[in-house]
Amino acid sequence: MSGSRQKTPKRKMQMSLGDRIISFFTYIVYSIFAFVCVYPFYYIFINSISANNLSEKGKVLFWPMQVHFTNYINVLKIPDLFNALKVSVARTVVGTVLTVLFSAFLGYMFTRETLWGRKFWYRFVVVTMYFNAGIIPWFITMMNLRLTNNFWGYIWPVVVQPFYVVLCKTFVESTPKELQEAAEIDGAGTLTIFFRVMLPVIKPILATIAIFAAVAQWNSFQDTLILMTDSKLFTLQFVLYQYINQANSLRGLINNASGTVDIAASLAKAQTATSIRMTVTIIVVTPIILVYPIFQRFFVKGIMIGAVKG
Amino acid sequence: MKLLENKRKLRSLREFLYILPFLVLVAIFAYYPLYGWFYAFFDYKPPFPLTWDRFVGFKWFHTMVSNKVRIAQLLSVLRNTFAISGISLAFSWFPMMFAIFLNEIKCTAFKKFVQTVTTLPNFISWVLVYSIAYSVFSSTGAINTVAMSLGLLEEPKIFLASSDHIWLKMWLWLTWKNAGWAAIMYIAAIAGIDEELITAAKVDGASRMKIIWHITIPCLLPTYFVIVMLNLANFLSNGFEQFYVFQNAFNKEYIQVLDLYVYNLAMGSGGYSLSVAVSMFKSIVSVVLLCITNGISKLVRGHGFI
């Protein structure tokens, strides 16, 4: 962000008419952009908490009507969905932790002058950024490794990411050499130096990598689509996609599954295809919306380093 | 002395052993799948392993261009790929303009707000984008409801299940998702422009449009150039997920791009070997494109981007 520009000209109203018209239109156009980006989320949210018979007919447009939160309770009662939530959380946590640790360790090791064949192995890892065998060979490989219909199929292929390794290596190189040397004189071995000295020092870059890895794991859809046929391993993203495509058959499932077919239960609270879809959407999108504004600076840092490197 | 030397060697080897497991991971997941390209020369039917009696040579590459139906299919896929990539390329200046005019906004709070909310869509998955599209554009969605109550539409229009302007729509969704994020790089570049240049121009009485035209845009051109080159290098790769989630029986003919075609061939109709052949062909063209753009970049900027 450029904060410096505003500080210089304090003398205000010397804008010509043309400049003012431009200024006016800029505000309008950017307000529209912002609206287009915010409204869909808001629209889905208010629908998910409004009376279901109204939301199904598209009556809820600007504010919630007859607010209730039963949708969220009912939707989490669908066994498939709760299971998918567990899979998504598990892969995000496990995947992120391993990715961060492995990238940090490899990045650090590739700065060790003593490492045998250091340059060669570094290139061996980095070159993989530039090619890709394609979906089918990858699928066949995963099949041969018994990683289809296997939770670790979400994890192992993505834990060593050359780009993150490069980021870590660059960061370690920017730290003072004396840190490692001092530890070495005190008799610390390679691993001790990494865990005791380097890890705390390179925390900022690890935070950036963690955010990117977590978002990638949470959002991942393609690997479930290709690798998994066992519904126990479906992720939230995948289940949501299925729900959108078969929402109508779903309604019956949910209203029956909740046990009592209470006829008196008001129409407002009976699940509809729309209500399920929108509620699940909000559940899937919430972690991102919560995480993003807080960690925005890490994201921005990530793209900037990427731009310099790549 | 010898002892010390041995110790050093031991340590160097021990350190190698530490990274060995990770190298194995890279070898397995990045290098080993390359061997799958052999499947393009066999008649592969999973789950049976490959045997030499299934060797068919260049049969699949011939099939791609010998059978009339296949040619028509491949051509339509190429048409879609070129159209969608072409539109993105033609509008690749959009994030730059977005950044330039955003920077003209003096109210910092508003600027920050716009930047945050327009960047957010970049971090949600295509499935969520599709879900949003479905919610907003379905027959009972916001757009249809508003249009009907304003009397613009007689009856609900089905936006998603139609192939009208599908390439443009795909570009719009891509822009909705990515523009704010793509603008960040330009915003940083604008912040790096020498303040004195702008002050000097102001003293000379330049209007804001003149400053943008004569200072900001020329300063951003190198960044823009790199983006265009990268776009060109990825001309055949539009990505898979966006088109997969948006595809349906009505728009399939116009939405099927190469990446999606490769998937549909294998997973949809079991043509594994043919699919690998098509993706090989794509990879080769992509490498050539990458070399060409890198060459252009070397000519223009003095250094490539690989």
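Chain naming here is simple, since letters A, B, ... match the order of the sequence lines and numbering starts at 1 in each.
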Is it true that A:T281 and B:S131 share a donor-acceptor pair across their side chains at a distance under 3.5 Å?
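Per modelled atom types, B:S131 and A:T281 side chains form a pair under 3.5 Å.
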Could you walk me through whether A:R118 and B:F16 pass side-chain contact (heavy atoms from CB on, under 4.5 Å), step by step?
CA-CA 8 Å; A:R118 182 174 74 106; B:F16 173 67; over 6 Å; no
Is the shortest side-chain heavy-atom distance between [X] and [Y] below 4.5 Å?
X      : Y      : value
B:E104 : A:S23  : no
B:W126 : A:Q237 : no
A:F221 : B:S125 : no
A:V159 : B:F22  : no
B:M267 : A:F139 : yes
B:F240 : A:L225 : yes
B:Y263 : A:I226 : yes
B:Y35  : A:T141 : no

Engaged part of [X] at the chain A interface, taking heavy atoms whose separation is under 4.5 Å:
X      : result
B:L102 : both
B:L34  : both
B:F113 : side chain

Quick check on [X] against chain B: is it the side chain, the backbone, both or neither that has a heavy atom closer than 4.5 Å?
X      : value
A:V38  : side chain
A:M142 : side chain
A:F238 : neither
A:N144 : side chain

Who wins among [options] for the most heavy-atom pairs under 4.5 Å with chain A?
options                        : answer
B:V276, B:L120, B:T145         : B:L120
B:A179, B:G180, B:G36          : B:G36
B:V287, B:D259, B:T223, B:L128 : B:L128
B:V136, B:I132, B:L23          : B:L23
B:M280, B:E15, B:R8            : B:E15
B:S279, B:A142, B:A266         : B:A142

Nearest-0.5 Å distance that lies between atom [atom1] in [X] and atom [atom2] in [Y]:
X      : Y      : atom1 : atom2 : value
B:I19  : A:Y122 : CD1   : OH    : 12.5 Å
A:I244 : B:S135 : CD1   : OG    : 7.5 Å
B:N103 : A:T26  : CG    : OG1   : 11.0 Å
B:E241 : A:N219 : CD    : CG    : 8.5 Å
B:M209 : A:I21  : CE    : CD1   : 12.0 Å
B:N122 : A:Y292 : CG    : OH    : 8.0 Å

Provide the closest heavy-atom pair for [X] versus [Y] in the form atom of the first, atom of the second, distance.
X      : Y      : answer
A:I136 : B:S275 : CG1-OG, 3.2 Å
A:P137 : B:P33  : CB-O, 3.3 Å
A:F124 : B:V26  : CE2-CG1, 4.1 Å
B:F123 : A:I288 : O-CD1, 3.4 Å

Using side-chain contact (heavy atoms from CB on, under 4.5 Å), reason through A:R277 and B:Y134 one step at a time and then give a plain yes or no.
CA-CA 10 Å; A:R277 188 162 40 74; B:Y134 197 97; 3.2 Å; yes
Taking the six-membered ring for Trp and the full ring for Phe, Tyr or His, determine whether the centres of B:Y244 and A:Y241 are under 6.0 Å apart.
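Yes, close enough.
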For this output row, return yes or no: ring centroids of A:F25 and B:F101 closer than 6.0 angstrom.
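No, too far apart.
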Can B:Y18 and A:L115 be said to form a side-chain contact (heavy atoms from CB on, under 4.5 Å), step by step?
CA-CA 10 Å; B:Y18 290 155; A:L115 174 69; over 6 Å; no
Kindly indicate, with the supporting measurements, whether the criterion ring-ring contact (aromatic ring centres under 6.0 Å, His included) is fulfilled by A:Y30 and B:F110.
CA-CA 9 Å; A:Y30 281 97; B:F110 182 69; 7.5 Å; no
For chain B, which candidate among [options] shows the most heavy-atom pairs at distances under 4.5 Å?
options                       : answer
A:P157, A:P40, A:S31          : A:P157
A:S220, A:A34, A:G117, A:A133 : A:A133
A:Y39, A:W138, A:F41          : A:F41

If we ignore hydrogens and angles and just use 3.5 Å, is the side chain of B:W176 paired with the main-chain N or O of A:V36 as donor and acceptor?
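Looks like yes, one N/O pair under 3.5 Å.
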Any donor-acceptor N/O pair, A:Y27 side chain to B:I105 backbone, under 3.5 Å
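No; zero donor-acceptor contacts below 3.5 Å.
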Can we say B:R11 and A:E184 salt-bridge, meaning some charged N sits less than 4.0 Å from an Asp/Glu carboxylate O?
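So B:R11 pairs with A:E184 through a salt bridge.
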Show your working on side-chain contact (heavy atoms from CB on, under 4.5 Å) between B:I124 and A:W218 and close with a plain yes or no.
CA-CA 9 Å; B:I124 66 173; A:W218 181 260; over 6 Å; no
